[in-house]
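As C-alpha cells, the structure follows; a few thoughts come after it.
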2 protein chains.
Amino acid sequence: MESNGAGRASRPAGTRERILDASGELFRRRGYAATGVKAILAASGAPYGSLYHFFPGGKEELGVAAIDAGGAVYRELVESYFGSGADLVDATRRFFEDAAAVVRDHGYADACPIATVALETAGSSEPMREAAARAFESWLRILERRLVDAGVEPAVARAVALELFCAIEGAFLHSRTTRTTEAIEAVGRAATARVRAVLGSLG
Amino acid sequence: MESNGAGRASRPAGTRERILDASGELFRRRGYAATGVKAILAASGAPYGSLYHFFPGGKEELGVAAIDAGGAVYRELVESYFGSGADLVDATRRFFEDAAAVVRDHGYADACPIATVALETAGSSEPMREAAARAFESWLRILERRLVDAGVEPAVARAVALELFCAIEGAFLHSRTTRTTEAIEAVGRAATARVRAVLGSLG
DNA sequence: ATGCTACTGGATAGATCGTTCTAGCGATAG
DNA sequence: CTATCGCTAGAACGATCTATCCAGTAGCAT
C-alpha cells in the first residue's frame, strides 16, 4: 500500500507526470496522430517500459489521460478568472486579453490543449471523444454557474457559456492559422459586451 | 496545349478530382496525419502513379490542394447564403440552422472541411497553414463585404465577420465532440441577434 | 503509321509506427 | 540476507508509412 496521492507513484520525480506533460504539449501542438510514442519518450526522457507500465492501454490511454490533464489545467485557469464572486464583465475582458497575449508569446503554437486532438479523434476513438466532451462540459459548467449565481436565467446562462466557449475556440483556430490575435481581440470585445448586456438586463 | 480549364486533365473522368475529393473527405474526418496516402488511393480508386503525377509534391501538396478545394466549396456555400442582396439577418439564421442539420445528418463526422487540418499543421507546414489562412480569409471577406454593403462601418463589419466565423467554428468543435447540435443552435441564435442589432443601429 | 505525351499500375525501398518482451536495477519489507 | 515489487531499459517485431521507380497503355498530332 504505502499510499500517496491518487495511486500515482511520486517516488523518483514523477516519470508518469513527465510523460503526461510531454504528451500534452506534443498533442496540443502537433496533434495526436502526428505525435509518435518515440517523440513523447524522447521529450520526457522515459523509456518504453515506463510508458507501458503507467499506461497499459498504450497511446490511446495516454491520449485520454492527456486530455483529462489538459482539461483540468484549463478548468483551473477558467476558475481563476471566473471564480466565485468575480466581476464577470471584467473577468471576461481579462480572459480574452490574456489569452491573446499567451498565444502570441508562445509563437502561436499553444492555444487550447484539447481542440486539435478532439477534432482528430471525434470520429475514431470513443474514449478520447468522451474525454474531450467531459473537459469541455466542465469548463462550461463553471461559466454557467457563475452566470446563474449572478441572477441570469439558467437557459440564458447555458447559452452565454456556449457562446463564450465557441468564441474562444474559434478564435484560437483563427489565431493559430493566421498567426495573428485579431480574432481573439474581436471576439473578446464582443464577449465582454455580451456578458455586460446579459447582466445589465437583470432586475 | 489543347487547354481545358486551369491546367487540369479532364480527359478520363477526372482522376485528379477523385483524388482531391477522397482526400478532402478523409482529411476532414480523420485529420491529415491519420490519413495515409494508401487510404486516399483506395477511396479514390487511383494508383500511386497518378497521385505523384498530379501532385509531385506528395502528401503535403495534396494537403494544400485539398484545403484550397475545401475552402472553395465552403466559400460558395457562404456565398449562397450571404450573396449580394441577401437579407443578412435571415441568411445568418438559416446558415446556422442548416449547418446544425447537416452536421447531425452526417453523424457528426463532417463539419468544417479545414479546421482539423488547420490545427494539425499550423505549426508544422507553412504551405498548409497559409492555404488554410487564405481559405478562412476568403470566407470572412464575403461576410465583411455584405455588411459594408448594408451600411455597416468597415471596422465593425470586420469584427462581426470574425465573430460569426469563430462562432460557427467553435460550435463545430463542440458539436463533433459532444455529438449534439446544442452549441450550433445557441451561437446561431446569438449570431442572428448580433447581425440584427448591428443592422438595426444604422441611420 | 509513328512518335509524343499523359496517365496508369504496382512493385519496392527505407524509414518509422505502436507494441511486446525479457532482463535487470534499487529500495523496501520480512 | 533474501524476496518482492515498482520501475527502468531498450532490443526486436510485424505492420504501415511516404516516396520512388519504371514498365505499360491510351489518345492525340503529324
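Per chain, numbering begins at 1; letters A, B, ... match sequence-line order. Remember, predicted model here, so these are calculated numbers, not experimental data. Only heavy atoms go into these numbers, but all of them, side chains included; no hydrogens, no water, no symmetry mates.
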May I ask you to decide whether A/Arg158 forms a salt bridge with A/Glu137, counting only side-chain N to carboxylate O separations under 4.0 Å?
yes

Round to the nearest Å and state the distance from A/Phe54 atom CZ to D/dT8 atom C1'.
10 Å

Assign the ring pair A/His174 / B/Phe165 to parallel, tilted or perpendicular, where the plane angle (0 to 90°) is split at 30° and 60°.
perpendicular

May I have the distance from B/Phe27 (atom CZ) to D/dT18 (atom C1'), rounded to whole angstrom?
12 Å

Taking only residues two or more places apart in sequence or in another chain, which ones pass side chain to side chain contact (heavy atoms under 4.5 Å, CB included) with A/Ala109?
A/Arg29

Protein-nucleotide distance (A/Arg16, atom CZ; D/dT8, atom C1'), rounded to Å
17 Å

Generate the contact string for nucleotides 10-19 of chain C. Rules: B means base contact, S means sugar-phosphate contact only, - means no protein heavy atom under 4.0 Å.
BB------SB

Has the side chain of B/Ser125 got a donor or acceptor atom that lies under 3.5 Å from a matching backbone atom of B/Thr121?
no

Using a 3.5 Å distance criterion without hydrogens, assess whether the side chain of B/Ser44 forms a donor-acceptor pair with backbone atoms of B/Ala22.
no

